[in-house]
Enquirer: 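Encoded as structure tokens, here's the structure I'll be asking about.
Just so it is clear, the values below take in all heavy atoms, side chains as well, and ignore hydrogens, waters and symmetry mates. So you know, we letter chains A, B, ... as the sequences are listed, proteins then strands, and number each from 1. The shown structure was predicted, so the numbers you read here are calculated from the model rather than taken from an experiment.
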Amino acid sequence: MAKELTKRSTDYSKWYNELVANADLAEHSAVKGCMVIKPYGYAIWENMQAVLDKMFKETGHVNAYFPLFVPKSLFEAEEKNAAGFAKECAIVTHYRLKANPDKPGSLMVDPDSKLEEELIVRPTSEAIIWKTYKGWIQSYRDLPLLINQWANVVRWEMRTRLFLRTTEFLWQEGHTAHATREEAIEETEKMLGVYADFSENFLAIPVLRGIKSANERFAGAEETYCIEALMQDGKALQAGTSHFLGQNFAKAFDVKFSNKEGKLDYVWASSWGVSTRLMGALIMAHSDDHGLIIPPKMAPIQVVIVPIYKTDEEHAKIVEHVSVLKKELEAQNIRVKFDDRDTQRPGFKFAEHELRGVPVRLGIGPKDLESGKIELARRDTLTKESVERTNVVAIVVALMVEIQTSMFNLALQRRAESTSVVNTWEEFEAALEKGGFIYAHWDGTPESEQKIKEKTKATIRCIPIDNIKENGKCILTGNDSKQRVVFARAY
RNA sequence: CGGGGUGUAGCGCAGUUGGUAGCGCAUCUGCUUUGGGAGCAGAGGGUCGUCAGUUCGAGUCUGGCCACCCCGACCA
């Protein structure tokens, strides 16, 4: 483990890579572009899953599981969606290996095992799911159908980065079917709300809620909604998306239902997802040059207790003391770890837990036992204080809320400082240098958006949902515009 | 797929005109230590990416291949 991380100001990208590795979140695997999520990183993902899963169930959804493989004929049924993913699909063409006669000890693909029809490894599951829904939906009484699945998907990316873009990643995908257009749109917006709520209140990351421009829209959707977060380097990150699919998939897979009037109609659909990319968002939104900072609600370990001692007698006393304290904290539903390893010294443990982003650290040594105090260190502010043993539990409980709020507010403040409103091309370019979200007028044409992207690498992150209407001139063309949209360079 | 770069111990690297491989960290053992990443002493660990060529002799020179990284186009 390196003693010091590269500083964010020196090389943000390097800082991120080192942090992911050193904090034991994930590592590169023997498979190009695919990562191994290590136990500590996976524990954070599990916390995300647990909260989201509860939220999905509270909004009426149930979980199911659909296959990893999608027959090519099904995949291509919804043309726009298939075309959108065509360039990044892994394809299974054979089902058997055999001994290689030219090279003893090695295996080769058995040419006799060619599949009649190729199988696509799902980049997303709309096709297989809508094929299935056809059999499940006949009447308005079968609607709405509100299903989510936790799964892995594969998108063959050119360039990958741990958590942010990997060839295989974990996510959840909700797929719902509704009797009316309005209901499907309502569902799409509701789930965007769930994502925004999760991001802000659990990940402590403020997000913009918005609609994607046509260029950035999900292939096969009529409308794509998104939450956009801002990272500390001024780049935007799409943290979640929710799609109103109209009747596109219903038509492609012939999913019709009898409505109350006895007439056949295609069902209306939504789909929505967040992925392990949220791990990247969590890391880049909060962490500092000392390592990870995890908001208490997501931290696998919320409080770590480090004993300090010289002799076995001292150690025994501390163990006794800590076992009581640990129970008291656990009774308040705090996730506590007593780091009683005798193979590492206290200083090492301090640094390690700091690197791993444990929100609160308690240090207990002989001096504390004598004075009835405990040293309390706060990860987000790097502050230390000595507190009365009798008050520790109450202080820690309050700190869990305080740190969560404080982290959100800091992220919110950073975003505010990195948000610009510009009116001219010169101002726009200057704002891009600085980074962050840029509110600017755009004439609404895909051509202008494309041109701006080619010139500056900036894309329209979203058109905010509660956007204020305001007449102005497009920063590129000078044409009339009815509202500002949000530009940024993005991950 | 284009442009650039790198492959030597678990990780990061050095290796001169070609002469049989080394440093730091990590690991292991022992002693001393323990309130912010311990110190000292000792030990283990290598098909030098791979295949061929030149040579008495290749980590070093030549050629092919493979892998990975960075920059572009694509993308949650």
Side-chain angles (χ1 to χ4, degrees), chain A residues 1-6 11 13-14 17-18 21-22 27-33 83-89 123-124 152-161 163-173 195 212 215-219 221 224 226-229 236-243 271-281 290-291 306-312 314-315 318 339-356 361-371 373-377 379 382 384 386 450 453-454 457 459 461 490-491:
Chain A
M1 194 189 305
K3 271 201 173 174
E4 299 284 344
L5 292 171
T6 297
D11 187 339
S13 172
K14 200 170 176 195
N17 290 335
E18 289 179 4
N22 293 347
E27 64 186 37
H28 290 286
S29 69
V31 192
K32 180 175 158 61
F85 284 110
K87 282 178 284 182
E88 44 187 313
C89 287
T124 180
N152 59 341
V153 286
V154 167
R155 296 182 187 174
W156 214 264
E157 301 290 352
M158 299 285 176
R159 289 178 59 197
T160 58
R161 292 195 64 192
F163 290 120
L164 297 174
R165 180 169 298 108
T166 45
T167 300
E168 179 193 20
F169 58 94
L170 305 183
W171 76 345
Q172 58 68 216
E173 45 182 326
Y195 288 156
K212 285 292 187 190
N215 286 3
E216 300 278 324
R217 189 184 297 148
F218 177 67
T224 288
C226 64
I227 52 171
E228 289 286 328
L237 184 107
Q238 179 176 304
T241 50
S242 173
H243 313 288
S271 73
W272 28 274
V274 295
S275 72
T276 34
R277 181 179 239 206
L278 286 177
M279 293 287 294
H290 300 270
V306 177
I308 296 136
Y309 56 90
K310 288 184 179 149
T311 63
D312 287 348
E314 281 175 357
H315 179 245
I318 290 169
D339 188 353
D340 200 24
R341 289 175 294 176
D342 60 358
T343 50
Q344 311 293 350
R345 299 164 80 252
F348 180 91
K349 294 178 185 175
F350 293 171
E352 188 182 60
H353 294 299
E354 208 161 272
L355 181 62
R356 288 159 70 105
R361 184 187 74 233
L362 301 176
I364 303 181
K367 290 180 212 162
D368 301 297
L369 290 186
E370 225 166 89
S371 63
K373 294 193 170 182
I374 288 180
E375 184 187 82
L376 184 151
R379 176 60 184 94
L382 291 170
K384 279 199 289 198
S386 189
Q450 187 59 32
K453 184 178 175 181
E454 283 163 14
K457 290 182 200 163
T459 49
R461 299 322 301 156
Y491 276 101

Enquirer: What interatomic distance, in whole Å, is found between P of rA26(B) and the corresponding atom of rG37(B)?
Expert: 14 Å
Enquirer: Can you tell me, in whole Å, how much space there is between the C1' of rA9(B) and that of rG59(B)?
Expert: 14 Å
Enquirer: When the distance from NE2 of His290(A) to P of rG37(B) is rounded to whole Å, what number comes out?
Expert: 14 Å
Enquirer: Any chance you could lay out the side chain to side chain contact (heavy atoms under 4.5 Å, CB included) test for Leu382(A) and Glu354(A), step after step, and finish with the verdict?
Expert: CA-CA 9 Å; Leu382(A) 291 170; Glu354(A) 208 161 272; 3.8 Å; yes
Enquirer: Take atom CG of Asn22(A) and atom P of rC25(B), then tell me their distance rounded to the nearest Å.
Expert: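 From Asn22(A) CG to rC25(B) P: 17 Å.
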Enquirer: Tell me the partner of rG63(B), counting only Watson-Crick (N1-N3 plus N6-O4 or O6-N4) or G-U wobble (N1-O2 and O6-N3) with both under 3.5 Å; none if nothing fits.
Expert: rC51(B)
Enquirer: On RNA chain B, does the nearest nucleotide to Tyr309(A) precede the nearest nucleotide to Ala239(A) from the 5' side, or the other way round? Give the residue.
Expert: Tyr309(A)
Enquirer: Rounded to whole angstroms, how far apart are CD on Gln450(A) and C1' on rC74(B)?
Expert: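 In whole Å, rC74(B) C1' and Gln450(A) CD are 12 Å from each other.
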Enquirer: Mind checking the P distance from rG44(B) to rG35(B)? Whole angstroms is fine.
Expert: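 Straight-line distance between the two P atoms is 32 Å.
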Enquirer: On a whole-Å scale, what distance lies between the C1' atoms belonging to rA52(B) and rC66(B)?
Expert: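 So the two C1' atoms sit 14 Å from each other.
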Enquirer: When both hydrogen-bonding distances must be under 3.5 Å and the geometry is Watson-Crick or G-U wobble, what is rC31(B) paired with, if anything?
Expert: rG39(B)
Enquirer: Taking atom types as they are modelled, is there a donor-acceptor pair under 3.5 Å from the base of rG35(B) to the side chain of Arg345(A)?
Expert: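 Donor-acceptor pair under 3.5 Å: no.
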Enquirer: With both distances under 3.5 Å as the test, what is the Watson-Crick or G-U wobble partner of rG57(B)?
Expert: none
Enquirer: Taking only the C1' atom of each, what is the distance from rC68(B) to rG12(B) in whole angstrom?
Expert: 16 Å
Enquirer: Write down the distance between CG (Asp339(A)) and C1' (rU34(B)), rounded to a whole number of angstrom.
Expert: 13 Å
Enquirer: In whole angstrom, what separates Lys349(A)'s NZ from rU34(B)'s P?
Expert: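 Checked: the NZ to P distance equals 14 Å.
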Enquirer: Consider the side chain of Phe348(A), meaning its heavy atoms from C-beta on, and name the nucleotide among rG36(B), rG35(B), rG37(B) that approaches it most closely.
Expert: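 The nucleotide sitting nearest to the side chain is rG37(B).
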Enquirer: In whole angstrom, what separates Ile308(A)'s CD1 from rA38(B)'s C1'?
Expert: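 Rounded to whole Å, this separation is 15 Å.
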Enquirer: As a test of reading the structure: which of rG72(B), rG36(B), rU34(B) is closest to the side chain of Lys457(A), going by heavy atoms?
Expert: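 Nearest listed nucleotide: rG72(B).
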Enquirer: Heavy atoms under 4.0 Å, any strand shown: does Phe218(A) hit a base, just sugar-phosphate, or nothing?
Expert: nothing
Enquirer: In the strands shown, is rG72(B) matched to any nucleotide by a Watson-Crick or G-U wobble pair with both distances under 3.5 Å, and which?
Expert: rC1(B)
Enquirer: Rounding to a whole Å, what distance do you find between Leu5(A):CG and rG12(B):C1'?
Expert: 15 Å
Enquirer: If rC11(B) has a Watson-Crick or G-U wobble mate with both distances under 3.5 Å, name it; if not, just say none.
Expert: rG24(B)
Enquirer: Which base sits across from rG46(B) as a Watson-Crick or G-U pair, both distances under 3.5 Å?
Expert: none
Enquirer: Expressed as a whole number of Å, how far does the C1' atom of rG57(B) sit from that of rG19(B)?
Expert: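 Result for the C1' pair: 7 Å, nearest Å.
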Enquirer: Does the side chain of Trp272(A) reach to within under 4.5 Å of the side chain of Gln172(A), using non-hydrogen atoms?
Expert: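 Sidechains of Gln172(A) and Trp272(A): in contact.
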Enquirer: Where the side chain of Glu354(A) is concerned, which of rG37(B), rG36(B), rA38(B) is the nearest nucleotide?
Expert: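 Within the option list, the nearest is rG36(B).
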Enquirer: Over all strands shown, is Ser275(A) touching base, sugar-phosphate only, or nothing at heavy-atom distances under 4.0 angstrom?
Expert: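 It contacts base atoms.
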Enquirer: Using whole Å, what does the distance between atom P of nucleotide rC11(B) and atom NE2 of His28(A) come to?
Expert: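 After rounding, the reported distance stands at 13 Å.
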Enquirer: Check whether any side-chain N or O of Arg155(A) sits under 4.0 Å from OP1 or OP2 of rC74(B), and answer yes or no.
Expert: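 No, because none of the side-chain N or O atoms of Arg155(A) sits under 4.0 Å from OP1 or OP2 of rC74(B).
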Enquirer: Lys367(A) has a side chain; which of rG35(B), rG36(B), rG72(B) sits nearest to it?
Expert: rG35(B)
